[in-house]
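Since the structure comes first, as structure tokens, the remarks are kept for the end.
None of these values were measured; they are calculated from a predicted model. So you know, we letter chains A, B, ... as the sequences are listed, proteins then strands, and number each from 1.
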2 protein chains.
Amino acid sequence: MQELFSQIELIYPINPESKQTLSSICKEVNFSKGKNIQEIGHTCKTIYFVKKGVVRIYYFKEAIDITESFEFENSFVARAESLFTGKPSRKAIQAIEDTTLIAIDSTKFFQLFDTHPDLERLFRKIIEASYVNTVNRIESLQFNTAEERYKTLLKAAPDVLKRIPLKYVASYLGITQVSLSRIRGIK
Amino acid sequence: MQELFSQIELIYPINPESKQTLSSICKEVNFSKGKNIQEIGHTCKTIYFVKKGVVRIYYFKEAIDITESFEFENSFVARAESLFTGKPSRKAIQAIEDTTLIAIDSTKFFQLFDTHPDLERLFRKIIEASYVNTVNRIESLQFNTAEERYKTLLKAAPDVLKRIPLKYVASYLGITQVSLSRIRGIK
DNA sequence: GTGATTATTTATCTTATGATAAATTCTTTG
DNA sequence: CAAAGAATTTATCATAAGATAAATAATCAC
């Protein structure tokens, strides 16, 4: 749990009693490379923290596998469109490497907010940061060319290109694998 | 203020004292069509509620005006990437019609969270909903064709196409005005 | 209401990216 | 470590959308 609490400390420090209580609704889980952590059609009731490894959220459009996002060590992952609406998700979460996660029961977590305002504050800040990320991503998808998006990613997150198969990176960037390969080929 | 409180009631009802306190940090402001409500380079310190009219958030990419989003009556607007990071925004907010807004001082609002947990809860829910919207928009920009995006918008938000000049709609969809016109032309 | 400005459409040509297929290279597993 | 399978690249062709320019339509200001 140490990794989780270190990360929380950076976002919004919570008091010892809240840490204790939070611990009680967490459990560590392992998934080997390639395995789904949460399936399509399942309603999201868990917030994960990536302790070790990488995961992706993906879905299918007309039988094509599309990666919505990646999350590396020290990040939180959940399928927002399901977690916040209570509807089944059309997306899955998959381990890209052998991955260790801390699973937080979202129902219990949200209930704690009534008695632990610092946990609600913490969560709000996590969501705010995620929201800023997605807004920036919309900007990049709106009018940047595929090549610009690739180069920006290469610069901002070289880890992605080292640890993630290119076929997943391609759909994340909104292009086909063949196009990405062509773009990489140019110098 | 009635419109604001009706909308809040739908999201997360707050107690009368919180309403009173919230009122004290709000003020109504008017902008005529075409006027900027907040300028590029300004650090966002205000959350707006649209009482009447429509606004858009926009920015420039290589001298091209790009619309990031629209907000109609009963919605909240702020430039998240500035509000949550404290950095100056590269974006502006503009009134597309003559618009009446309720301006909420974000610094004061965030301070209230320490004493009014129901206001923090309300705000969290507003952000969660906005986050879900942006995640869905990423999905549409990732692999839908321009024509699919146009038709989806036409179905989901016909108001946008009735009240917003097409040049703004085009960049919102991630295409040029000429392309949008062509797509509309096909039947 | 008329001229000026702005928005939208239409036309033509160009280009980035998609689709498909095949050739490599890399990875896994028995 | 060899064979099988998966990932990546390369090649060719097709197409959706960009760029530019010009025509038309709508809106605004006096």
Main-chain N/O of A:Thr145 paired to A:Glu148 side chain as donor or acceptor, under 3.5 Å: yes
Euclidean distance, atom CD1 of residue B:Ile175 to atom P of D:dT15 [Å, nearest integer]: 20 Å
Identified side-chain contact (heavy atoms from CB on, under 4.5 Å) partner of B:His116 from the options B:Ile14, B:Thr21, B:Leu122: B:Thr21
Beyond-backbone contact of B:Pro117 with A:Glu120, side-chain heavy atoms, under 4.5 angstrom: no
Residue pair A:Glu73 / A:Gly53: nearest heavy atoms and the distance that separates them: OE2-N, 2.9 Å
side-chain N/O A:Thr145 vs C:dA16 OP1/OP2, d < 4.0 Å: no
B:Glu148 CD - D:dA16 C1' separation (whole Å): 12 Å
Integer-rounded Å distance: C:dT6 P and B:Ile164 CD1: 19 Å
Given DNA chain D, 5'-ward residue of the pair A:Tyr168 and A:Phe143, judged by closest heavy atom: A:Tyr168
Any B:Lys33 side-chain N or O less than 4.0 Å from OP1/OP2 of D:dC28: yes
Nearest-Å distance for atom pair CZ/C1', residues A:Arg184 and D:dA7: 11 Å
N/O (side chain, B:Thr176) to phosphate O (OP1/OP2, D:dG18) under 4.0 Å: yes
Nucleotide D:dG18, atom P - distance to CD1 of B:Ile66 in whole Å: 11 Å
Polar side chain donor-acceptor pair, B:Thr100 to B:Asn30, under 3.5 angstrom: yes
Euclidean distance, atom CG of residue A:Asn144 to atom P of D:dG18 [Å, nearest integer]: 13 Å
Options D:dT8, C:dT9, C:dG18, nucleotide nearest the side-chain atoms of A:Ser179: C:dG18
Whole-Å distance separating the CG atom of B:Leu180 from the C1' atom of D:dG18: 14 Å
Sugar-phosphate only, base, or nothing, as touched by B:Gly174 at under 4.0 Å among non-hydrogen atoms: sugar-phosphate
Contact nearer the 5' end of DNA chain C, comparing B:Val178 with B:Pro165: B:Pro165
Distance in angstrom units between B:Gln177 CD and C:dA11 P, rounded: 16 Å
Residue-phosphate contact under 4.0 Å: A:Ser181 side-chain N/O, D:dT9 OP1/OP2: yes
From D:dA17, D:dA7, C:dT9, nucleotide with atom closest to A:Lys167 side chain: D:dA7
Phosphate-side-chain proximity, A:Arg182 and C:dA16, N/O vs OP1/OP2 below 4.0 Å: no
